[in-house]
Enquirer: 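Got a structure for you, written out below as structure tokens; questions coming shortly.
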Amino acid sequence: MDNTTLLQITKDYGSPVYVYDAEKIVSQYKRLTKAFKNVKLLKLNYAVKALSNISVLKLFNSLGAGLDTVSIQEVQLGLKAGFKPDNIIFTPNGVSLEEIENVAKLGVQINIDNLSILEQFGTKHPNIPVCIRINPHVMAGGNTNISVGHIDSKFGISIHQIPLLLRIVENTQMNINGIHMHTGSDILDIDVFLYASEILFETAKNFPNLDFIDFGSGFKVPYKVGDIETNVEELGKKLSKRFNEFCKDYGKELTLAFEPGKFLVSEAGVFLAKVNVVKQTTSTVFAQVDSGFNHLIRPMLYGSQHEIVNISNPKGRERFYSVVGYICETDTFANNRRINEINEGDILCFKNAGAYCFTMASNYNSRYRPSEVLLYKGKSHLIRKRETFDDIVQNQIEIAI
Ligand SMILES: *Cc1c(COP(=O)(O)O)cnc(C)c1O
């Protein structure tokens with residue numbers, strides 16, 4: 001994704017726009033597959049919520065991936081993209097029994113993460129195989145918004161509740177075919193992950209009919225210079241060995257499943273926005289782009305750092321800027337960042353914008369959500385049109401006042 005291509009995309013499709021590089025998605029998928037080449041049955045279920053455009057889902061389908069979904073709508077998107085139902089896993093949190101039943105009816109693997117629904121579902125549908133989500137209470141990373149395995153987390157069934165879980169399974173005679181964990185989005189330390197995996201193996205021994213063990217995700221990618229990324233090659237080596245040993249003890253070749261989102265699509269995406277105003281105040285030079293946290297909320301929501309490059313003036317003298325948006329609310333993308341000299345009309349490129357960027361966009365300030373473009377086989381393809389005023393008003397009902 002060179003600057004010329006990206007600038008041309010803003011000319012062809014306008015700004016702001018998200019651009020995804022299919023080649024990078026494919027290479028990340030292959031990298032993870034290769035890291036686990038010693039496991040006989042490996043399944044990578046792409047986490048739809050990271051980036052849910054149907055064309056991106058079709059790309060994953062062509063690679064042989066499965067899907068990890070968290071709502072029935074994501075399941076429907078997957079089916080529309082051509083995935084077979086048995087190639088989709090449904091891993092919701094706090095959804096209704098009815099939604100889980102409706103997804104199960106479609107033939108999708110369901111994953112239950114609380115004892116109340118487990119008991120109700122098992123009582124009504126003892127023959128439908130169910131995966132259970134365990135919370136091993138392992139802290140991954142430091143940010144409690146994205147660490148979902150700790151003791152106060154709302155996710156999963158606590159390992160301390162295994163005795164009650166086993167009683168429910170016995171009483172309902174339901175069939176547990178998989179166990180699952182997802183510890184969060186920041187595995188910095190492989191040993192922490194392996195430690196959580198041991199807890200999962202220990203739990204797995206209680207269930208004689210397993211087909212798979214799902215280790216969730218949490219693969220970290222670098223967002224800024226110096227960031228640590230998950231060493232998937234080392235993880236692959238260590239976890240594969242341990243997994244194969246477990247299967248031998250268990251007496252059956254199980255599938256090792258993962259459900260990465262960020263790892264597969266984050267670095268493949270950029271967000272392009274145009275500078276409307278360069279504003280000098282008494283202390284700061286602001287570059288204000290034609291966007292805001294309505295289009296890219298991660299910096300304001302998580303304090304995430306997205307590298308920003310001025311692709312219109314990549315050789316310009318470096319100066320310090322605060323990059324902000326145009327909505328009427330504080331929407332800082334970057335504070336006091338060193339960027340090549342910015343002029344009004346320049347295009348800024350936000351890196352790592354493939355995961356949790358477009359999918360978290362909103363219409364706040366009644367702005368349109370951006371368009372999306374996929375670079376695929378050397379060509380740019382529009383895969384989502386920019387919204388129009390009709391999209392803003394179509395579900396509103398005017399009453400007589
Ligand atoms: C969000 C989510 C994922 C993907 O997490 P990443 O950090 O994007 O890899 C995987 N599994 C579940 C259950 C999730 O909710």
Side-chain angles (χ1 to χ4, degrees), residues 20-53 55-69 74 78 81-84 86-89 91 109 111 131 140 178-183 185-188 190 193-194 196-197 200-201 210-222 228-248 252-269 352 354-355 374-377:
Y20 313 117
D21 179 11
E23 236 174 74
K24 179 68 181 174
I25 294 174
V26 173
S27 72
Q28 288 293 92
Y29 183 84
K30 290 192 170 156
R31 188 178 152 204
L32 201 51
T33 310
K34 195 169 159 214
F36 287 87
K37 63 180 187 302
N38 290 331
V39 170
K40 255 200 203 105
L41 304 170
L42 176 72
K43 186 83 214 178
L44 300 181
N45 296 315
Y46 165 62
V48 174
K49 74 178 190 289
L51 172 58
S52 54
N53 189 291
S55 295
V56 172
L57 301 185
K58 282 172 77 172
L59 178 66
F60 278 109
N61 197 23
S62 77
L63 295 172
L67 290 185
D68 174 63
T69 55
E74 284 189 353
F83 283 84
K84 299 228 164 62
D86 62 5
N87 209 7
I88 303 177
I89 180 165
T91 308
Q109 170 73 51
N111 187 352
C131 172
I179 60 166
H180 167 278
M181 70 171 185
H182 172 62
T183 54
S185 278
D186 253 352
I187 304 169
L188 293 170
I190 286 171
F193 194 83
L194 292 172
S197 307
L200 209 54
F201 288 136
L210 294 181
D211 295 319
F212 66 94
I213 300 182
D214 188 331
F215 294 86
S217 179
F219 299 102
K220 190 171 159 50
V221 297
I228 308 171
E229 79 176 310
T230 307
N231 185 339
V232 297
E233 286 73 23
E234 187 190 341
L235 180 68
K237 223 178 266 165
K238 291 184 172 168
L239 184 61
S240 300
K241 182 162 176 282
R242 193 56 197 94
F243 184 79
N244 290 337
E245 281 166 15
F246 175 81
C247 290
K248 205 179 255 174
K252 181 179 172 189
E253 204 68 64
L254 301 177
T255 296
L256 191 168
F258 275 116
E259 43 194 41
K262 191 182 278 181
F263 179 84
L264 296 173
V265 296
S266 175
E267 294 164 287
N352 277 80
L374 181 68
L375 287 174
Y376 179 63
K377 296 195 169 163

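Residue numbers count from 1 along this sequence. Worth knowing before you read on, the calculation uses all heavy atoms, side chains too, and leaves out hydrogens, waters and symmetry mates.
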Enquirer: Start with the C-alpha gap between Lys37 and Ser240, add the side-chain angles, then the distance that decides, and say whether side-chain contact (heavy atoms from CB on, under 4.5 Å) holds.
Expert: CA-CA 8 Å; Lys37 63 180 187 302; Ser240 300; over 6 Å; no

Enquirer: Between CE of Met181 and CD1 of Ile213, what distance do you get to the nearest 0.5 Å?
Expert: 10.0 Å

Enquirer: Quick one: closest heavy-atom pair of Leu200 and Ile179, and the distance?
Expert: O-CD1, 3.2 Å

Enquirer: Once you round to the nearest 0.5 Å, how far does OG of Ser27 lie from CG of Leu264?
Expert: 10.0 Å

Enquirer: Parallel, tilted or perpendicular, judged at 30° and 60°: which one describes the rings of Phe215 and Phe193?
Expert: tilted

Enquirer: Please enumerate all residues that pass side chain to side chain donor-acceptor pair (under 3.5 Å) together with Glu259, with sequence neighbours excluded.
Expert: His180

Enquirer: If you look only at pairs with a residue in residues 25-35, which of them pass as a salt bridge (charged side-chain N to carboxylate O under 4.0 Å, His left out), with sequence neighbours excluded?
Expert: Arg31-Glu229, Arg31-Glu233

Enquirer: To the nearest 0.5 angstrom, please state how far the CZ atom of Phe83 sits from the OG1 atom of Thr69.
Expert: 11.0 Å

Enquirer: Taking it one step at a time, do Phe212 and Ile89 satisfy side-chain contact (heavy atoms from CB on, under 4.5 Å)?
Expert: CA-CA 12 Å; Phe212 66 94; Ile89 180 165; 4.1 Å; yes

Enquirer: Can you give me the closest heavy-atom contact between Thr230 and Gly218, atom names plus distance?
Expert: OG1-O, 4.0 Å

Enquirer: Are any side-chain N or O atoms of Lys24 and backbone N or O atoms of Glu267, one a donor and one an acceptor, separated by less than 3.5 Å?
Expert: no

Enquirer: Side chains of Gln109 and Cys131: closer than 4.5 Å at any heavy-atom pair?
Expert: yes

Enquirer: Are side-chain heavy atoms of Lys252 and Asp211 found at a separation under 4.5 Å?
Expert: yes

Enquirer: Decide yes or no for Leu239 and Leu194: does some side-chain heavy atom of the first lie under 4.5 Å from some side-chain heavy atom of the second?
Expert: yes

Enquirer: Step by step, work out the side-chain contact (heavy atoms from CB on, under 4.5 Å) result for Val265 and Tyr20.
Expert: CA-CA 8 Å; Val265 296; Tyr20 313 117; over 6 Å; no

Enquirer: Run the side-chain donor-acceptor check on residues 56-68: report pairs under 3.5 Å with partners two or more places apart or on a different chain.
Expert:
{"from": "Asn61", "atom 1": "ND2", "to": "Gly82", "atom 2": "O", "distance (Å)": "3.3"}
{"from": "Ser62", "atom 1": "OG", "to": "Leu59", "atom 2": "O", "distance (Å)": "2.6"}
{"from": "Asp68", "atom 1": "OD1", "to": "Thr91", "atom 2": "OG1", "distance (Å)": "2.9"}

Enquirer: Nearest heavy-atom pair of Ser217 and Gly261: which atoms, and what distance?
Expert: OG-N, 4.2 Å

Enquirer: Where is the tightest heavy-atom contact between Leu254 and Leu41, given as atom of each residue plus distance?
Expert: O-CB, 3.8 Å

Enquirer: Once you round to the nearest 0.5 Å, how far does CG of Asn231 lie from CD1 of Ile190?
Expert: 4.5 Å

Enquirer: Considering only heavy atoms from C-beta outward, does the side chain of Phe243 approach that of Phe36 to under 4.5 Å?
Expert: no

Enquirer: Please examine the side chains of Tyr46 and Ile25, heavy atoms only from C-beta on, and report whether any two atoms are closer than 4.5 Å.
Expert: no

Enquirer: Closer than 4.0 angstrom, basic N to acidic O: yes or no for Lys43 and Asp214?
Expert: no

Enquirer: Should we count NZ of Lys241 as having more than 12 external heavy atoms under 6.0 Å?
Expert: no

Enquirer: Does any part of the side chain of Lys238, heavy atoms only, come nearer than 4.5 Å to the side chain of Arg242, both counted from C-beta?
Expert: no

Enquirer: Lys262 and Asn352: side-chain donor and acceptor closer than 3.5 Å?
Expert: no

Enquirer: What heavy-atom pair brings Pro260 and Phe219 nearest, and what distance separates the two atoms?
Expert: CB-CD1, 3.8 Å

Enquirer: With the threshold set at 4.0 Å, does a side-chain nitrogen-carboxylate oxygen contact exist between Lys248 and Glu245?
Expert: no

Enquirer: For the residue pair Gly354 and Leu51, what are the closest heavy atoms and their distance?
Expert: O-CB, 3.4 Å

Enquirer: Should Phe263 and Gln28 count as side-chain neighbours, where that means a heavy-atom distance under 4.5 Å?
Expert: yes

